[in-house]
Amino acid sequence: RIQLDWKPVMDYPISETQTLQDYFNEKDVRVTNEEVVEIYKKFLMDMKSMHYSHYRILDINGDGVDDLLLKGENDAIMGNTDFYWLALTYRYGTIEGFASDFYLCENGVLECVETRHAGGIGVEKDGHQFIRCTGFQQEILDFVAYNKSTASWQTDWWDEEPISEEEANTILAKYPRIDQGMRPISELLNET
């Protein structure tokens, strides 16, 4: 065995004078909120097929850059009138996605809701994962799932940690949803 000298990846030299961190810092040119809105408008206008009907601009990942939250055009038919499909932010000179399929909750928390079906045996579970985004990192705060086949609650997908309905309701109540504040995308694209 040999002793490995591990170093932070951001210290990796990509040239004689520049590290990987230097490269990212150079690419991370911050723009004003007005400029980022114009970048988002151009991005939406350049899309070949528009699947989004509503938007909101808000910094939900705490990096100081306003994010673009988008909602799908068919959600009203499906009954999901306050559910966002995608969260995008402008960093490192490009638009990057960092969250999807969520509701906004108090204190910058996102509630991601997912239904899973167990292959062929008719088990259906509705999961609620509560996350906080910090930049591109996601921190899982809580998770609860309702198992429809057993009419019971659990804190994982695998039935390993069952909890009472009261405990589940306590977790769900910790993260109240807020007014989603959606506006029609046509308002954003038609603003001058």
Side-chain angles (χ1 to χ4, degrees), residues 1-52 54-72 83-116 127-145 155-158 160-161 171 174-175 178 180-182 185 188-189:
R1 294 184 183 187
I2 60 170
Q3 180 66 31
L4 298 176
D5 184 19
W6 292 102
K7 296 179 180 165
V9 73
M10 289 303 182
D11 291 343
Y12 184 80
I14 58 174
S15 73
E16 290 183 20
T17 60
Q18 192 178 43
T19 66
L20 187 58
Q21 182 66 56
D22 296 332
Y23 173 80
F24 280 122
N25 288 342
E26 184 180 293
K27 292 290 181 188
D28 193 19
V29 176
R30 298 298 179 110
V31 296
T32 67
N33 287 338
E34 293 78 21
E35 290 171 317
V36 83
V37 168
E38 291 302 315
I39 290 168
Y40 292 148
K41 285 165 68 170
K42 181 176 180 347
F43 169 78
L44 290 169
M45 288 189 285
D46 289 347
M47 291 179 69
K48 299 288 185 230
S49 123
M50 178 72 74
H51 298 289
Y52 305 110
H54 289 76
Y55 80 100
R56 182 169 182 182
I57 294 179
L58 168 78
D59 181 14
I60 61 170
N61 67 354
D63 65 356
V65 177
D66 279 345
D67 307 312
L68 175 64
L69 286 57
L70 297 169
K71 173 188 168 348
F83 187 76
Y84 284 106
W85 278 12
L86 186 61
L88 303 167
T89 195
Y90 182 76
R91 294 292 302 273
Y92 309 111
T94 63
I95 294 176
E96 302 286 339
F98 65 91
S100 61
D101 302 333
F102 61 90
Y103 297 92
L104 290 175
C105 299
E106 288 182 354
N107 302 317
V109 174
L110 308 181
E111 177 187 0
C112 301
V113 180
E114 179 182 354
T115 299
R116 289 192 180 178
H128 301 261
Q129 179 171 272
F130 298 94
I131 63 171
R132 176 172 287 119
C133 294
T134 305
F136 293 104
Q137 300 295 317
Q138 292 185 354
E139 173 190 7
I140 299 173
L141 304 172
D142 272 313
F143 178 87
V144 293
T155 59
D156 59 29
W157 285 115
W158 307 275
E160 293 177 9
E161 297 181 39
I171 291 171
K174 283 173 37 179
Y175 308 102
I178 62 172
Q180 303 301 296
M182 294 184 198
I185 241 173
L188 175 65
L189 298 179

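Sequence positions, counted from 1, serve as the residue numbers for this chain. The model shown is predicted, which means the values in this text are computed figures rather than measured ones.
Judged by distance alone, with hydrogens and angles left aside, the side-chain atoms of R132 form no donor-acceptor pair with the main-chain N or O of Q138 at under 3.5 Å. A side-chain donor-acceptor contact under 3.5 Å links D22 to the backbone of T19. Side-chain N or O atoms of D63 include one that pairs as donor or acceptor with a backbone N or O of V65 at under 3.5 Å. At least one donor-acceptor pair closer than 3.5 Å links the side chain of Y40 to the backbone N or O of D66. Within the 3.5 Å criterion, the main-chain N or O of H128 finds no donor-acceptor partner in the side chain of E114. Although no hydrogens or angles enter the test, the distance criterion places no donor-acceptor pair under 3.5 Å between the side chain of D67 and the main chain of A87. Between the side chain of N61 and the backbone N or O of T134 there is no donor-acceptor pair closer than 3.5 Å.
The environment of CD in E139 is crowded: more than 12 heavy-atom neighbours from other residues, nucleotides or ligands sit within 6.0 Å. Atom OH of Y23 sits in a sparse spot, with 12 or fewer heavy atoms from other residues, nucleotides or ligands closer than 6.0 Å.
Two rings, from F102 and W85, have their centers 6.0 Å or more apart.
Within the 4.5 Å cutoff, the side chain of L88 has no heavy atoms near those of the L69 side chain. In this structure, the side chains of L70 and H54 stay at 4.5 Å or more apart for every pair of heavy atoms. Residues K42 and I39 have side chains not in contact (no heavy-atom distance under 4.5 Å, counting atoms from C-beta outward). I131 has its side chain out of reach of V109: every pair of non-hydrogen atoms, C-beta onward, lies at least 4.5 Å apart. Using a 4.5 Å cut-off on side-chain heavy atoms (C-beta onward), D101 and L86 make no contact. A 4.5 Å side-chain heavy-atom check between L110 and F130 finds every atom pair outside the cut-off.
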Exercise for the section: For side chain to side chain contact (heavy atoms under 4.5 Å, CB included), just list the numbers for T89 and L68, CA-CA rounded to whole Å, side-chain angles, deciding distance to a tenth of an Å, and then say yes or no. Expected result: CA-CA 6 Å; T89 195; L68 175 64; over 6 Å; no
Handout entry: Verdict with reasoning, Q129 to L141, per side chain to side chain contact (heavy atoms under 4.5 Å, CB included)
Key = CA-CA 8 Å; Q129 179 171 272; L141 304 172; over 6 Å; no
Practice task
Report the C-alpha separation of D11 and Q21 in whole Å, then their side-chain angles, then the decisive distance to 0.1 Å, and conclude whether the side chain to side chain contact (heavy atoms under 4.5 Å, CB included) test is met.
Solution key: CA-CA 6 Å; D11 291 343; Q21 182 66 56; 5.6 Å; no
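Summarising the geometry, atom CD1 belonging to I2 is positioned 5.0 Å from atom CG belonging to L4; distances are rounded to the nearest 0.5 Å. E111 CD to I178 CD1: the interatomic distance, rounded to the nearest 0.5 Å, is 12.0 Å. Atoms NZ and CG, from K174 and N107 in turn, are 12.0 Å apart once rounded to the nearest 0.5 Å. Considering CG of L188 and CD1 of I57, their distance stands at 5.0 Å, rounded to 0.5 Å.
When all heavy atoms are compared, the tightest approach of F143 to A145 is CE2-CB, 3.8 Å. The minimum heavy-atom distance between Y55 and I185, with the atom names listed, is CD2-CA, 3.8 Å. Considering all non-hydrogen atoms of both residues, C105 and Y175 come closest at SG-O, 3.5 Å. C112 approaches S100 most closely through the heavy-atom pair SG-O, 4.1 Å.
Take S15 and apply the side chain to side chain contact (heavy atoms under 4.5 Å, CB included) test, not counting sequence neighbours, and it matches T17, Q18. Residues forming a ring pair (Phe, Tyr, Trp, His ring centres under 6.0 Å) with Y92 (at least two apart in sequence, or on another chain): F24.
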